[in-house]
Amino acid sequence: MTGPARLRRSADVVATLRRGRHRAGSLLALHARRREPAAGPARMTVVASRKVGNAVRRNRAKRLLRAAAAGRPWADGLDLVLVARPACADAAMPAVRGELEDHARALDALVVGA
RNA sequence: GGCGCCGGACAGGCGACCGCGCCCGGCGGUCCGCCGCCGGGUGAGGAAAGUCCGGACUCCACAGGGCAGGGUGCUGGGUAACGCCCAGGCGCGGUGACGCGCGGAGAGCGCCACAGAGAGCAGACCGCCAGCGACCGGCUCCGGCCGGAGCGGGCAAGGGUGAAACGGUGGGGUAAGAGCCCACCAGCGCGGCGGGUGACCGUCGCGGAUCGGCAAGCCCCACCCGGAGCAAGGCCGAGCAGGGACAGGGUCGCCCGCCCGUCACGUCCCAGGUGGGCCGCAGGAGGCGUCGGGAGACCGGCGUCCCAGAGAGAUGGUCGCCACCCGCGACCGGGUGACCGGUCGCGGGGACAGGAUCCGGCUUAUCGGCCGGCGCCUCCC
RNA sequence: UGGGGGGUGGUGUAACCGGCAACACGCCGACCUUUGGAGUCGGAGUCCAGGGUUCGACCCCCUGCCCCCCAG
């Protein structure tokens, strides 16, 4: 995976969802959290629940989110969780990129600036 | 030409740039656990799906018997096995190609609402038939005669109810009738002969007058099933804190049998800790080709190929070109015509759906065209 | 992975061993009332969907869809 490294451990995902900042839109929700200490490149994972649809729709949504996330730079020391919404599986790439960029800019101000 | 039936195979192709999982090789770094870069190889389906069946595999005193429970259900075959497949038999539907169904109701229990006279060793509303007939009506040659109400009987042909009502035709018989009797037909049962491995078929004889449906209600018969599941199971590593109860425990239930144990290394409960890695885990009931056996499902021989192995879970993103399908328009060709074919332009479309231990089936979803065989109708020669 | 339960008017629930789908609240319409409320009368159901068994299916069997629960 390019860009951010993969976030593998379940505890890290839960910590990011619970203690991180988040922003949500119609296509996706972005959770972000600074590690302590904030060393190493950003890590990320994508999530799609059963509400998104069947396996094809879930995987489609996750691929779009990965591709979109790989297309922009991320600050070091961040843990990211991208949550797919049902509409994400039907969305086009520019829309996904746009919404992700909005969330990322808003959260950079909160997480990085804090 | 039109409308159909059955079977099979496919699941757009090529290319550019940026990326992903796994494997191999090289280089570099390393705290030796690995990490980074480069190159090469490889990377989803006919249903991968639903999880409805069957097996492989693994573990459980090696699970032996009985009961209970569950499943299957015409016959023969195929298979590792099946609830699957093939062939056959019978029945039903269809003009037909073809499709669908399948043990037993002559072992027992139970159920058949409403309607209807009667619905389970049937029944008599209308009706039919003689008899009585003191009452009523009509006729009268005055003796009676005819019809009806009523009474107690005989009958079950016809009407009518219902999903279903105790065979059909003809004859005899009778007061009227009825398998009451007879012949033939249908159906049932028994027996013989012939064919078939068998389901069953053909044929001959005899019998007794001969009535259902539901077992996807209980049930009977035959056959099958030990249980759990890859979070099976095995190995390595890290970490913690013990306390209490009990004589029984052993992978669904009950009894017997068997095995282990009876003061703890067991079982259960509470509390605490961990929730990491490796194997299982990809050579298989395997794919393709060919030859042989078989009616077929399928089986065997030979050759050849290696074809996903992740573990928060890899196939993506942005485009181009060419085919394919649909709609509209223009032009050309054929035809009296409805219309058909071709070229070009514009617009649109490409489904259902993603491996998670593996395999064989079933079922369900699915845009579109392709191949093969067959049936019916119509037209022409 | 294995097992269990359920889907009935708008909502919450019924229906013996197969025989006319019932109740409460709500909604709609009519009557009554100056209006509203209360009251009276009436109305509305693909019994989740599609097949099958049966004379007949909410009920029995098969297939599919959805929801809930339990164990690991």
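Within every chain, numbering begins at 1; the chains are lettered A, B, ... in the order of the sequence lines, protein sequences first and strands thereafter.
Taking a pair to require two hydrogen-bonding distances under 3.5 Å in either a Watson-Crick or a G-U wobble arrangement, B/G83 remains unpaired. Base pairing of B/C214: its partner is B/G110, meeting the Watson-Crick or G-U wobble criterion (both donor-acceptor distances under 3.5 Å). When Watson-Crick and G-U wobble pairs are counted only if both distances are under 3.5 Å, C/U53 pairs with no nucleotide at all. If you check B/G266 for Watson-Crick or wobble pairing at under 3.5 angstrom, you find it paired to B/C246. With both pairing distances under 3.5 Å, B/G120 is matched to nothing as a Watson-Crick or G-U wobble pair. The pairing partner recorded for C/G12 is C/C23, the criterion being a Watson-Crick or G-U wobble arrangement whose two distances lie under 3.5 angstrom. Within the shown strands, B/U343 is the pairing partner of B/A330 under the Watson-Crick or G-U definition, both distances less than 3.5 Å. B/U42 is paired with B/G21 under the criterion used here, namely a Watson-Crick or G-U wobble arrangement in which both key atom distances are under 3.5 Å.
Classification of B/A44 as syn follows from a glycosidic angle within 90° of 0. Its glycosidic angle being more than 90° from 0, B/G349 falls on the anti side. For C/U54, the base adopts the syn conformation, since its glycosidic angle falls within 90 degrees of zero. Annotated as syn: B/G33, whose glycosidic dihedral is within 90° of 0. Classification of B/C126 as anti follows from a glycosidic angle more than 90° from 0.
Here, B/A80 and B/G287 have their P atoms 14 Å apart, quoted to the whole Å. If you take atom P in B/G168 and the same atom in B/A156, they sit 14 Å apart, rounded to whole Å. Comparing the same atom, C1', in B/C254 and in B/G77 gives a spacing of 41 Å after rounding to whole Å. Taking atom P on both nucleotides, B/C258 is separated from B/C62 by 15 Å, rounded to a whole Å. C/G51 and C/A14 have their P atoms separated by 29 Å, with the value rounded to a whole Å. The P atoms of B/G83 and B/C102 are separated by 14 Å, rounded to the nearest whole Å. A distance of about 14 Å separates the P atoms of B/C126 and B/G152, rounded to the whole Å. B/A308 sits 8 Å from B/A44 when the P atoms are compared, rounded to a whole Å.
A salt bridge between A/R97 and A/E101 is absent, with no side-chain N of the basic residue lying under 4.0 Å from a carboxylate O of the acidic one.
Taking 4.5 Å as the limit, every side-chain heavy atom of A/L30 sits out of range of all side-chain heavy atoms of A/H22.
Between A/R23 atom CZ and A/L107 atom CG the span is 7.0 Å, to the nearest 0.5 Å.
B/A312 atom C1' lies 15 Å from atom NE2 of A/H31, rounded to whole Å. Across the protein-nucleic acid pair, A/L100 atom CG and B/G316 atom C1' stand 16 Å apart, rounded to whole Å.
Residues passing the side chain to side chain contact (heavy atoms under 4.5 Å, CB included) test with A/A29, sequence neighbours excluded: A/A24, A/H31, A/V83, A/R85.
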